[in-house]
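Working notes for the structure below.
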Number of protein chains: 2
Amino acid sequence: MNSNGEGAAQARETGTLGKLMVLLDLVTHAHAPLRFTDILALAGQPRGTLHRQLSHLLEEGLLELDGDGRYAPGLRLLDFAARSWARNEFRLIAEPHLSDLQQATGETVHLGVLRGQSIIYLDKVDGRQPVRMYSQIGNASPCYCTGVGKAALSLLPAESLVDLLAGLSFTSFTASTHRSAETLLAEIREIADQGYAFDREEHEAGICCVAAPVWSQDRTFIGGISITGPAYRLSMELLRQWAVPVQLAAGRIMEDMRIRLGPRR
Amino acid sequence: MNSNGEGAAQARETGTLGKLMVLLDLVTHAHAPLRFTDILALAGQPRGTLHRQLSHLLEEGLLELDGDGRYAPGLRLLDFAARSWARNEFRLIAEPHLSDLQQATGETVHLGVLRGQSIIYLDKVDGRQPVRMYSQIGNASPCYCTGVGKAALSLLPAESLVDLLAGLSFTSFTASTHRSAETLLAEIREIADQGYAFDREEHEAGICCVAAPVWSQDRTFIGGISITGPAYRLSMELLRQWAVPVQLAAGRIMEDMRIRLGPRR
DNA sequence: AATTGAGTTCCAAATAATGGAACACTGGCA
DNA sequence: TGCCAGTGTTCCATTATTTGGAACTCAATT
C-alpha cells in the first residue's frame with residue numbers, strides 16, 4: 001500500500017478521496033516541503049483542480065503551508081495517529097511481552113504488521129539509550145528485506161503469497177537484499193518450516209535481527225516481533241540462540257490475544 | 001478573501017473531504033471500535049451514503065475492519081504521521097534543546113504547538129523511566145489548562161486571542177481548571193508580561209509544569225516548551241526557579257530557527 | 001415460517017469536482 | 001521604467017461523483 005512499486009494498475013475505486021490521498025502521499029513522501037509547482041508536475045493535474053484539492057487538505061489540517069508557501073504534512077495527522085496507536089489492541093496486548101523480551105536480551109525489540117506489501121512498525125522497546133521515539137514506530141518498510149516482514153510472509157497461504165510476490169519490485173538496499181521472488185520464496189518456505197526468520201543486513205548495512213511470526217485467530221493481523229541490533233554485537237550464533245525466546249514471546253502474545261479477544265472471532 | 005469566519009458550528013468548506021474527515025474523527029475519538037449502526041446513529045446520514053464513505057476509507061487504509069466487523073482507525077494513519085513527524089523542522093531544531101533541559105532538570109520536557117484551540121504535542125523527552133513512546137506525542141490537549149497552551153496563547157495578538165477565547169468551552173478537568181474566559185484572559189496577560197506560564201494541576205490532578213512560549217518569525221508556529229512532573233516533587237518554588245532555564249531554552253530554540261530557516265522568511 | 005436487526009446494493013436526482021482560460025502578483029532584467 | 005517569465009489564484013460552464021430513498025440479502029430469534 002505504499003508508494004513503492006505499484007506502477008501499472010493503481011486504479012483505486014475511492015473516487016475523490018483517492019485523488020486526495022495521492023496528494024497526501026506525494027507531500028509526506030517528499031524529502032522537503034513542496035511548492036505548488038512541484039506538486040503540479042508530480043501530480044499531473046490541471047492547476048485549478050490541484051489548487052482546490054490542496055486548499056481542502058490545508059483546511060482540514062492534513063497539510064500545512066510553511067513560511068515560504070510550501071506544502072508540508074499537517075499536524076492533524078499526528079493527532080489521528082496518536083489515537084489510532086493508543087487504542088490498538090494488538091499493540092496493547094503485545095506490549096508487556098515486548099518489554100520482557102527486551103529485558104531478557106538487552107537489545108531493541110520491534111512489533112510490526114503486514115499491510116499490503118509493507119511492514120508497519122507498531123511498537124518498539126529500545127535497549128539502553130534514551131529512546132528517540134517515533135524513530136521506527138509508524139514507519140513502513142518493505143516486507144522482503146526485514147525479519148518481521150519475512151516472518152509475516154511465511155504465514156500467508158500459498159496463493160496470497162504468490163500474488164503478493166508477483167507485485168513486488170525489489171530494491172537492493174544492501175549487498176544481501178533479495179533480488180528476486182525466487183530466492184525470497186525459497187527462504188520463506190524455510191522460515192515457515194523453522195518458525196523464525198533472520199535479517200542478515202538485508203535492509204540496512206550493519207543491522208541484523210531475528211524475528212518470529214505473530215498472527216490473530218481471524219488473521220486480521222499478520223505480523224511479527226523481532227530482536228534487532230548491530231551486526232558486530234549480534235553474531236549469527238547469538239541470533240540463533242535468540243530464536244527460541246522470540247518464538248516463545250510470540251506464542252505468549254498469541255495466547256493473550258486468544259484470552260482477551262475471545263476464542264472464536 | 002473568505003470573510004465568513006464566524007462559523008458557529010463546524011461548517012467546513014471542504015466538500016467531500018470534510019464529510020469523510022468527520023467520520024474519521026468519529027472513529028478515532030471512540031473508545032472502542034464502532035459498528036456500522038453506531039456510526040450511522042452518530043453521523044446521521046443515509047445508510048447508503050455512509051456505507052460507500054466507509055468503504056472508501058477502508059480501501060484507502062484510513063480505517064480498518066476488525067474481526068467482529070467493527071470499524072477501527074487504520075494503520076495507514078501511523079505511516080503518514082511517522083513521516084510528518086520525522087521531517088518536522090520545528091521539532092528537529094528544538095530536539096537538542098529539549099534534551100539539554102531534561103538533563104538539567106531531570107524531569108520530563110515537552111514541545112507543543114497551537115493548532116486551533118488545541119495544543120498538539122510534537123515531542124517529549126522523558127526523565128528516568130524507559131519512555132512509553134507516543135504516550136504524549138501527537139496528543140491534542142486543550143490550550144486553556146496546559147502550561148504550553150497558556151504560554152502559546154500569550155503570544156497571540158489581542159484580537160485573535162479574543163476570537164479564540166470566545167469559541168472555547170471550558171471543561172473542568174480538576175478543581176483548578178479555568179472555568180471562564182475572564183480568569184483565563186487575566187492569567188494570559190500576566191504570562192505575556194512575565195514570559196512564562198504555570199500549570200498548577202489544571203489538566204490532570206497531581207501534575208504541574210512551568211512553560212515558556214516559542215514561536216517562529218513568520219508565526220507559522222506558535223507553541224511552547226515545558227518541564228512537567230508530579231506536584232509532590234515540583235513545588236511552586238522549584239517551578240519558579242525553573243522558569244529561567246525554560247525561557248533560556250526557548251530563546252535558544254528561536255535563535256536556532258533564525259539561523260536555520262533564514263532571517264527574513 | 002415469520003420477524004427483527006444488521007448490512008449491502010441500486011439508480012435517478014442533486015451536488016460537487018473538473019479543467020481550461022483569464023487574472024493577479026512577484027522579482028528579475030534590459 | 002516597462003517588459004517578461006515564473007508562480008499562484010479565481011472563475012464558471014461542463015462533466016462526473018455523490019447522494020439518499022428504497023428494495024434486497026443474510027443471519028439470528030421467536
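These numbers were taken from a predicted model, which means no experiment stands behind them. Chain identifiers are assigned alphabetically (A, B, ...) following the order of the sequence lines, protein sequences preceding nucleic acid strands; residue numbering begins at 1 within each chain.
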Could you go through the side-chain hydrogen bond (donor to acceptor under 3.5 Å, both in side chains) check for B/Thr14 and A/Glu59 one step at a time? CA-CA 7 Å; B/Thr14 49; A/Glu59 191 159 349; 5.8 Å; no
Determine: side-chain N/O of B/Thr37 to OP1/OP2 of C/dG5, distance under 4.0 Å, yes or no. no
Determine: side-chain N/O of B/Thr16 to OP1/OP2 of C/dA17, distance under 4.0 Å, yes or no. yes
Protein-nucleotide distance ([X], atom [atom1]; [N], atom [atom2]), rounded to Å:
{"X": "B/Leu57", "N": "D/dT18", "atom1": "CG", "atom2": "P", "result": "12 Å"}
{"X": "A/His51", "N": "C/dC25", "atom1": "NE2", "atom2": "P", "result": "14 Å"}
{"X": "A/Leu54", "N": "D/dT10", "atom1": "CG", "atom2": "P", "result": "13 Å"}
{"X": "B/Ile39", "N": "C/dT8", "atom1": "CD1", "atom2": "P", "result": "11 Å"}
{"X": "B/His56", "N": "C/dT8", "atom1": "NE2", "atom2": "C1'", "result": "14 Å"}
{"X": "A/Gln45", "N": "C/dT18", "atom1": "CD", "atom2": "C1'", "result": "9 Å"}
{"X": "B/Arg52", "N": "C/dA16", "atom1": "CZ", "atom2": "P", "result": "13 Å"}
{"X": "B/Lys19", "N": "D/dT17", "atom1": "NZ", "atom2": "P", "result": "15 Å"}

Sugar-phosphate, base or nothing in reach of B/Arg47, heavy atoms under 4.0 Å: base
Have a look at A/Thr49 and say if it touches a base, only the backbone sugar-phosphate, or nothing, with a 4.0 Å heavy-atom cut-off. base
Which residue, A/Leu65 or A/Leu17, contacts DNA chain D at a nucleotide closer to its 5' end, judged by nearest heavy atom? A/Leu65
Of all the choices, [options], which nucleotide is nearest to the side chain of [X] once you look at every atom?
{"X": "A/Tyr71", "options": "C/dT9, D/dT9, D/dT19", "value": "D/dT9"}
{"X": "B/Phe36", "options": "D/dT19, C/dT8, D/dG20", "value": "C/dT8"}
{"X": "A/Arg35", "options": "D/dG8, D/dG20, C/dA16", "value": "D/dG8"}

If you count every heavy atom of other residues, nucleotides or ligands that lies below 6.0 Å from B/Arg189 atom CZ, does the total exceed 12? no
Non-hydrogen side-chain atoms of A/Phe80 and B/Leu62 separated by less than 4.5 Å: no
I'd like to know if B/Asp38 and B/Arg35 make a salt bridge, using a cut-off of under 4.0 Å between side-chain N and carboxylate O. yes
Which word best sums up how the rings of A/Phe90 and A/Phe221 line up, parallel for under 30°, tilted for 30 to 60°, or perpendicular for over 60°? parallel
